[in-house]
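Index from 1, following the sequence. We count ligands from 1, going down the list as the structure has it; atoms in each ligand are counted the same way.
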Amino acid sequence: MSKAIICINSGSSSIKFGLFTLAEDGPRHAAGGKLEGIGTDPRLLIRDDEGNVLEQRHWENGAHLGHEELLRAIFAWSDNHLDEYDIVAAGHRVVHGGREFWQPLPIDAHVLAELESFCSLAPLHQPHNLAAIREIARHSPGMLQVACFDTAFHHAMPAVASAMALPRELSQRGFRRYGFHGLSYEYIARQLRHLDPELAQGKVIAAHLGNGASMCAMDGGRSVDTTMGFTALDGLMMGTRTGSLDPGVVIHLQLQEGLTAQQVETLLYKQSGLLGVSGISSDMRALHDSADPRAREAIDLFVWRAARHAAALMSALQGLDGMVFTAGIGENDPLIRKAICERLGWAGLLLDEEANQANAPVISAPHSRVKLRVIATDEERMIALHTHSVYQAQRSVA
Ligand code: ADP
């Protein structure tokens with residue numbers, strides 16, 4: 001039996017997972033899948049490393065099924081189909097590590113209790129991340145489980161980038177900008193070192209444009225600033241989240257309009273962004289397909305704000321050598337990339353139209369001052385690498 005680790009990236013409406021065997025040269029991808037549409041129309045697709053479909057399932061009328069039940073369905077499938085593997089560890093994306101945690105960490109009861117206390121800081125993700133951990137602990141008690149934090153990549157941001165202009169006493173209690181999508185940015189920085197070592201040394205903005213969206217200013221592969229802050233609500237406009245918002249709106253909604261804190265939370269996390277502005281969908285593809293002018297307005301606002309945040313990160317970097325697009329929209333949507341790059345043309349971004357249309361790895365024109373790239377992110381691989389290191393460290397101690 002070959003030893004393997006399973007990596008779980010449990011999000012608000014989807015669960016991505018990867019199975020990696022432990023080869024001499026590190027974890028090797030063997031199979032992976034995505035369970036999408038949790039809460040609306042759940043469907044599961046699992047493929048092996050060559051892209052062959054291993055499992056495809058659709059739950060008719062499955063809107064009521066929660067993360068736990070659907071995770072159990074994934075484990076039931078793995079029990080029946082993966083018996084040639086000895087699964088020795090499970091790695092998890094955990095969105096918030098708070099003040100204390102940033103290194104990949106074996107999870108015990110104490111760690112789990114601490115992570116629970118950060119749920120209000122990442123309500124769309126943290127409860128689901130922890131649900132997956134608990135479900136595995138039930139299913140395979142004693143198995144090593146490792147938390148890999150989305151905040152980790154930004155841990156060493158300069159103090160001025162992580163500070164908030166609040167009274168000092170609050171900052172000392174951990175009110176600071178943490179930043180998220182760290183596993184994605186760590187993977188992008190790593191890929192860039194292989195693909196384009198010269199650019200990797202330079203000043204680069206990585207734009208993770210998915211359902212959740214953020215940007216990271218990387219100097220020599222290290223995060224020096226990012227658009228998300230204390231929570232994953234800050235920064236760019238997203239599928240259902242507002243991004244940066246005048247905090248006066250929150251005060252007004254509560255004091256003048258009588259909304260409860262929970263209602264405001266739901267409004268800002270789940271009913272705003274592309275969905276709220278368009279009134280149609282949080283999905284960029286659906287907005288492109290719609291003839292409704294509100295869809296156009298939502299896209300225009302998304303682009304306007306993405307370019308505005310990118311310009312702010314250029315100031316943090318004091319220049320720009322390259323920009324990398326990643327995640328669902330960043331990897332697949334030439335129209336959005338084009339619109340953002342056009343708004344940043346003054347800073348030396350010039351697209352090669354054909355390369356952009358083809359989602360090519362390099363999409364800048366040869367004489368563009370700023371190099372433009374598309375890199376597919378792989379958070380599961382990053383989780384696998386960290387989990388493998390923790391597994392090896394534990395074995396060497398034992
Ligand atoms: P998350 O992992 O945060 O759930 P993804 O990275 O999968 O999100 O990104 C989801 C977004 O990517 C959606 O808005 C979706 O419409 C968009 N997307 C995915 N594929 C394409 C595509 N081919 N063209 C345009 N947008 C796409």
Closest protein heavy atom to [atom], given as residue, atom name and distance to 0.1 Å:
| atom | value |
| --- | --- |
| atom 26 (N) of ligand 1 | R285 CG, 3.6 Å |
| atom 17 (C) of ligand 1 | I329 CG1, 3.6 Å |
| atom 24 (N) of ligand 1 | N332 O, 3.5 Å |
| atom 14 (O) of ligand 1 | M284 N, 3.0 Å |
| atom 16 (O) of ligand 1 | D283 OD1, 2.4 Å |
| atom 4 (O) of ligand 1 | N211 CB, 3.5 Å |
| atom 5 (P) of ligand 1 | G328 N, 3.8 Å |

Checklist entry - What ring-ring contact (aromatic ring centres under 6.0 Å, His included) pairs are there with at least one residue in residues 22-60, not counting sequence neighbours? => result F20-H29

Checklist entry - Under the ring-ring contact (aromatic ring centres under 6.0 Å, His included) rule, what pairs show up with a residue in residues 300-350, not counting sequence neighbours? => result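 Non-adjacent pairs meeting ring-ring contact (aromatic ring centres under 6.0 Å, His included): zero.
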
Item to check | G239 near ligand 1 by a heavy-atom separation under 4.0 Å | outcome: no

Item to check | CD-CG distance between E380 and L183, expressed to the nearest 0.5 angstrom | outcome: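 Interatomic distance, E380 CD to L183 CG, rounded to 0.5 Å: 9.5 Å.
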
Checklist entry - Would you call the rings of H181 and H208 parallel, tilted or perpendicular, where under 30° means parallel and over 60° means perpendicular? => result parallel

Checklist entry - Hey, what's the ring geometry for F230 with F175, parallel, tilted or perpendicular (30° and 60° as the breaks)? => result parallel

Checklist entry - Going by the order shown, which atoms of ligand 1 are within less than 4.0 Å of some heavy atom of G212? => result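 Heavy-atom distances to G212 below 4.0 Å select 3 (O).
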
Checklist entry - K16 heavy atoms, cut-off 4.0 Å: which ligand 1 atoms fall inside? => result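 Under 4.0 Å from K16, ligand 1 has these atoms: 2 (O).
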
Checklist entry - Hey, is K34 touching ligand 1 through its side chain, its backbone, both or neither, going by heavy atoms under 4.0 Å? => result side chain

With no hydrogens and no angle check, do the side chains of [X] and [Y] hold a donor and an acceptor under 3.5 Å apart?
| X | Y | result |
| --- | --- | --- |
| H288 | D333 | yes |
| E135 | H67 | no |
| S214 | Y185 | yes |

